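Step one of this worksheet: look at the structure below.
Source: prediction; values computed, not measured. Here is the naming used below: chain letters follow the sequence lines, and residue numbers restart at 1 for every chain.
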Amino acid sequence: MSEELNQVLRARREKLESLRSRGMEPFAYSFDRSHGNGAARELFEEAESENRLPEDGHGPEVRVAGRIVSWRGHGKSAFAHMEDGGERIQLYFKKNVLGEESFDLALEMLDLGDWIGVSGPTFRTRTGEVTVRVDAWTLLSKSLRPLPFGKVEVDAETGERVVHSGFADTEGRYRQRYADLAVNPEVRDVFRTRARIVTELRRFLDDHGFLEVETPALQPLYGGAAARPFVTRHNALDREMYLRIADELYLKRLIVGGFEAVYEIAKDFRNEGIDRFHNPEFTMLEFYRAYWDYHDVMAFIERMLAHVVDAVVGSRELTFQGTGLSFEAPFARVHFMDALGEAMGADPGSLSDDELRERARALRVPDVDRAGRGKLLDKLFGELVEPDLVQPTFVLDHPLELSPLAKPHRERPGVVERFELYVNGAELANAFSELNDPLDQRARFEDQSALRAGGDDEAHRVDDDYIRALEYGLPPTGGLGMGIDRLVMLLTDQASIRDVILFPVLRSEE
RNA sequence: GAGCCGGUAGCUCAGCUGGCAGAGCAGCUGACUUUUAAUCAGCAGGUCCUGGGUUCGAUCCCCAGCCGGCUCACCA
């Protein structure tokens with residue numbers, strides 16, 4: 001990339017050359033830290049509270065490192081803040097401590113964004129901040145491009161952090177997430193929380209006898225959900241392959257193989273629109289457990305979410321975009337057909353397809369003419385019921401046409417043993433008593449094929465190998481899929497899925 | 001895919017009715033040895049998203065496009 005260097009970039013290049021000409025390497029190989037910035041501060045505070053500080057008030061010597069995030073020069077001294085990971089510590093450069101040469105070099109050569117390592121004793125300044133008096137410094141990496149630092153004001157009374165003129169441009173923040181992370185600590189916090197959520201999910205599943213497995217992301221035939229795939233090509237095999245849209249069919253093959261409980265946390269890929277709740281690649285947790293039905297899964301996920309919410313939020317009451325949500329079990333339960341019937345003022349099961357179509361048309365649902373019964377019911381539900389499912393709510397027993405991989409309900413005709421968990425009007429999880437009758441499964445696939453032939457390009461494909469696996473025998477099994485990104489959004493109060501995915505998909509910059 | 005809003009200095013943003021492009025921060029020069037949005041003085045920094053059009057003259061008006069945000073649609 002050839003880019004006209006502006007004056008700021010040029011100045012930094014000149015400093016780089018100047019450093020080299022003075023025999024100082026601007027890109028170091030390593031630095032031997034004695035403490036992280038937070039630990040260095042605590043070390044001082046400990047010594048202070050135990051009255052172990054000498055007369056001059058200078059505490060233990062430390063070697064710390066980080067990125068320079070602010071600089072205040074005062075002639076023959078200077079204050080800076082340096083940040084490592086998330087902890088910030090103040091540095092005090094003083095001419096008569098460092099010596100003229102080292103002090104002048106720091107003033108001339110150091111910029112915001114540079115990585116440095118320093119050593120010296122800790123002390124408390126007149127204004128009360130624990131600070132490292134820099135006895136020696138070394139450049140670890142020269143920053144050649146200015147980071148968009150704002151000015152950080154800390155309210156003396158509330159301790160509240162106010163950022164002025166910070167890096168706020170949403171497009172820039174997503175395109176250059178490295179810069180976003182570098183200057184916005186709260187963004188780093190979101191992703192730390194994301195990691196903790198995944199860790200706690202994993203811990204809970206591990207503690208309950210689940211085995212973590214890995215199944216193919218690159219598949220000869222996709223399935224397990226209704227979605228359009230990304231198509232790619234394997235050259236040596238000379239064939240098309242697909243990025244997975246779900247893990248489901250492989251995980252159930254593993255139950256056939258004799259594993260009793262498996263889970264996978266992995267990326268799925270769906271070749272569809274992008275918006276606040278959808279990114280083309282997203283992270284899904286799926287688990288399957290032999291001998292369970294969907295009631296067992298329901299009870300388990302209530303406990304699993306309680307565990308994660310307790311660990312990450314510390315309370316089962318949380319606020320998402322101004323709305324209070326309670327993750328206290330048991331969650332509300334509504335039956336799909338009952339809830340829809342109530343909203344429609346009529347039993348949808350006793351209405352004909354044409355009558356349903358008329359109802360949908362009245363609600364200005366698009367494309368109703370070619371929609372089958374399952375799709376119509378789903379559209380009506382989405383229109384009339386979903387928006388009201390704000391608190392965590394299980395929706396039970398969906399129409400059979402909508403659920404080609406779920407077992408028919410043991411008592412209610414026309415519906416399956418399935419639940420979706422809705423929170424804040426959006427689907428968070430989806431689960432079934434898994435269909436384990438291979439003959440029924442084949443018939444369901446064939447129904448889907450008919451839908452596909454009728455123009456529904458999201459209908460499920462026939463997967464003969466999966467049928468073969470079922471023929472060997474799938475024990476009764478309960479399974480679940482949960483969108484991790486959406487869970488992270490809820491628990492970190494982020495309005496867009498792009499705020500919980502480090503590098504979301506964007507259009508090309510060019 | 002539709003509607004609305006936006007794109008101006010490295011960052012955050014002004015820019016009136018069409019008349020030489022502005023501020024703060026960051027940068028550079030100088031002053032300042034406990035500051036913390038440090039302060040003070042000065043300087044430099046622009047493909048006004050792109051391409052057309054209207055006009056004596058366009059950051060501004062018109063048309064087309066690109067990128068982003070929000071809402072709706074789509075996404076079981």
Side-chain angles (χ1 to χ4, degrees), chain A residues 4-12 14-15 57 69-81 88 90-98 103 108 111-113 123-129 131 133 145-156 161-176 179 183 225-228 245 270-280 282 336 364-367 371-372 374-379 381-383 386 395 398-399 401-406 418 420 426-427 430 451 456 458-460 495-496 498 506-510:
Chain A
E4 196 70 21
L5 292 185
N6 71 30
Q7 58 173 348
V8 179
L9 299 186
R10 209 162 43 232
R12 296 212 176 179
E14 283 163 8
K15 288 178 186 178
V69 297
S70 70
W71 187 272
R72 296 175 293 283
H74 294 268
K76 296 186 178 62
S77 73
F79 287 92
H81 275 100
R88 198 172 266 239
Q90 183 168 251
L91 307 178
Y92 183 42
F93 292 79
K94 205 174 175 186
K95 192 162 194 165
N96 62 1
V97 168
L98 268 168
F103 181 83
E108 281 169 41
D111 288 301
L112 294 186
F123 71 106
R124 200 179 279 281
T125 63
R126 189 184 290 163
T127 50
E129 182 164 352
T131 300
R133 189 193 72 195
R145 185 179 289 273
L147 279 165
F149 286 111
K151 290 261 179 169
V152 180
E153 180 181 20
V154 181
D155 190 298
R161 200 170 161 279
V162 186
V163 179
H164 302 269
S165 306
F167 188 36
D169 176 60
T170 46
E171 184 178 354
R173 288 182 45 225
Y174 297 144
R175 287 198 193 282
Q176 301 190 41
V183 303
R228 283 183 285 268
I245 59 172
R270 297 187 184 174
N271 207 339
E272 285 162 0
I274 299 174
D275 66 23
R276 204 149 56 84
F277 292 102
H278 297 87
N279 192 62
F282 61 99
F336 186 100
R364 287 185 296 183
V365 171
D367 302 329
K375 203 128 197 165
L376 287 169
L377 289 168
D378 187 47
K379 294 284 183 195
F381 188 88
E383 202 68 31
E386 266 179 36
V395 174
H398 298 59
E401 300 90 328
L402 277 177
S403 317
L405 300 165
R418 171 179 178 184
E420 289 180 299
E427 180 193 346
N430 182 24
L451 291 176
D456 182 351
E458 290 179 350
H460 213 290
S496 168
R498 289 181 164 177
L506 298 174
R507 284 176 205 279
S508 166
E509 233 178 313
E510 299 309 319

Below 3.5 Å between N/O atoms, which protein atoms pair up with nucleotides 3-9 of chain B? Just atom names and distances, please.
none

Requested in this report: Could you tell me whether the phosphate oxygens of B:G10, OP1 or OP2, come under 4.0 Å of any side-chain nitrogen or oxygen in A:Arg12?
Outcome: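 For B:G10, neither OP1 nor OP2 has a side-chain N or O of A:Arg12 closer than 4.0 Å.
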
Requested in this report: Report the residues that fulfil salt bridge (Lys or Arg N to Asp or Glu O under 4.0 Å) with A:Arg418, sequence neighbours left out, ordered by chain and then residue number.
Outcome: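 Residues passing salt bridge (Lys or Arg N to Asp or Glu O under 4.0 Å) with A:Arg418: A:Glu420.
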
Requested in this report: Kindly write out the residues that satisfy salt bridge (Lys or Arg N to Asp or Glu O under 4.0 Å) with A:Glu14, not counting sequence neighbours, or none if the list is empty.
Outcome: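 Partners of A:Glu14 by the salt bridge (Lys or Arg N to Asp or Glu O under 4.0 Å) criterion come out as none, since no residue qualifies.
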
Extract from the structure each pairing of a protein N or O with an N or O of nucleotides 12-14 of chain B at less than 3.5 Å, listing the distance.
{"from": "B:U12", "atom 1": "OP1", "to": "A:Ala168", "atom 2": "N", "distance (Å)": "3.3"}
{"from": "B:U12", "atom 1": "OP1", "to": "A:Asp169", "atom 2": "N", "distance (Å)": "2.8"}

Pick out the pairs of N or O atoms, protein on one side and nucleotides 33-35 of chain B on the other, that lie under 3.5 Å.
{"from": "B:U33", "atom 1": "OP2", "to": "A:Lys76", "atom 2": "N", "distance (Å)": "3.2"}
{"from": "B:U33", "atom 1": "O4'", "to": "A:Ser77", "atom 2": "OG", "distance (Å)": "3.3"}
{"from": "B:U34", "atom 1": "O2'", "to": "A:Arg126", "atom 2": "NE", "distance (Å)": "2.7"}
{"from": "B:U34", "atom 1": "O2'", "to": "A:Arg126", "atom 2": "NH1", "distance (Å)": "2.8"}
{"from": "B:U34", "atom 1": "O2'", "to": "A:Arg126", "atom 2": "NH2", "distance (Å)": "3.2"}
{"from": "B:U34", "atom 1": "O2", "to": "A:Arg126", "atom 2": "N", "distance (Å)": "2.7"}
{"from": "B:U35", "atom 1": "OP1", "to": "A:Arg126", "atom 2": "NH1", "distance (Å)": "3.3"}
{"from": "B:U35", "atom 1": "O2", "to": "A:Arg72", "atom 2": "NE", "distance (Å)": "2.8"}
{"from": "B:U35", "atom 1": "O2", "to": "A:Arg72", "atom 2": "NH2", "distance (Å)": "2.9"}
{"from": "B:U35", "atom 1": "O2", "to": "A:Gln90", "atom 2": "OE1", "distance (Å)": "3.3"}
{"from": "B:U35", "atom 1": "N3", "to": "A:Gln90", "atom 2": "OE1", "distance (Å)": "2.8"}
{"from": "B:U35", "atom 1": "N3", "to": "A:Gln90", "atom 2": "NE2", "distance (Å)": "3.1"}
{"from": "B:U35", "atom 1": "O4", "to": "A:Gln90", "atom 2": "NE2", "distance (Å)": "2.7"}
{"from": "B:U35", "atom 1": "O4", "to": "A:Thr125", "atom 2": "OG1", "distance (Å)": "2.7"}
{"from": "B:U35", "atom 1": "O4", "to": "A:Thr127", "atom 2": "OG1", "distance (Å)": "3.3"}

Report task. When you get a sec, tell me which of B:C70, B:C67, B:A73 is the closest nucleotide to the side chain of A:Arg175? Result ->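 Within the option list, the nearest is B:C67.
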
[N] and [M]: how far apart are their [atom1] atoms, nearest whole angstrom?
N: B:G1; M: B:U47; atom1: P; result: 31 Å
N: B:G52; M: B:C60; atom1: P; result: 14 Å
N: B:A14; M: B:G7; atom1: C1'; result: 15 Å

Query raised in the report: Hey, does A:Arg270 have a side-chain heavy atom less than 4.5 Å from the side chain of A:Glu458?
Result: no

Report task. Using the test side-chain contact (heavy atoms from CB on, under 4.5 Å), find all partners of A:Ser165 that sit at least two apart in sequence or belong to another chain. Result ->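 Once residues adjacent in sequence are excluded, A:Ser165 has no partner under the side-chain contact (heavy atoms from CB on, under 4.5 Å) criterion.
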
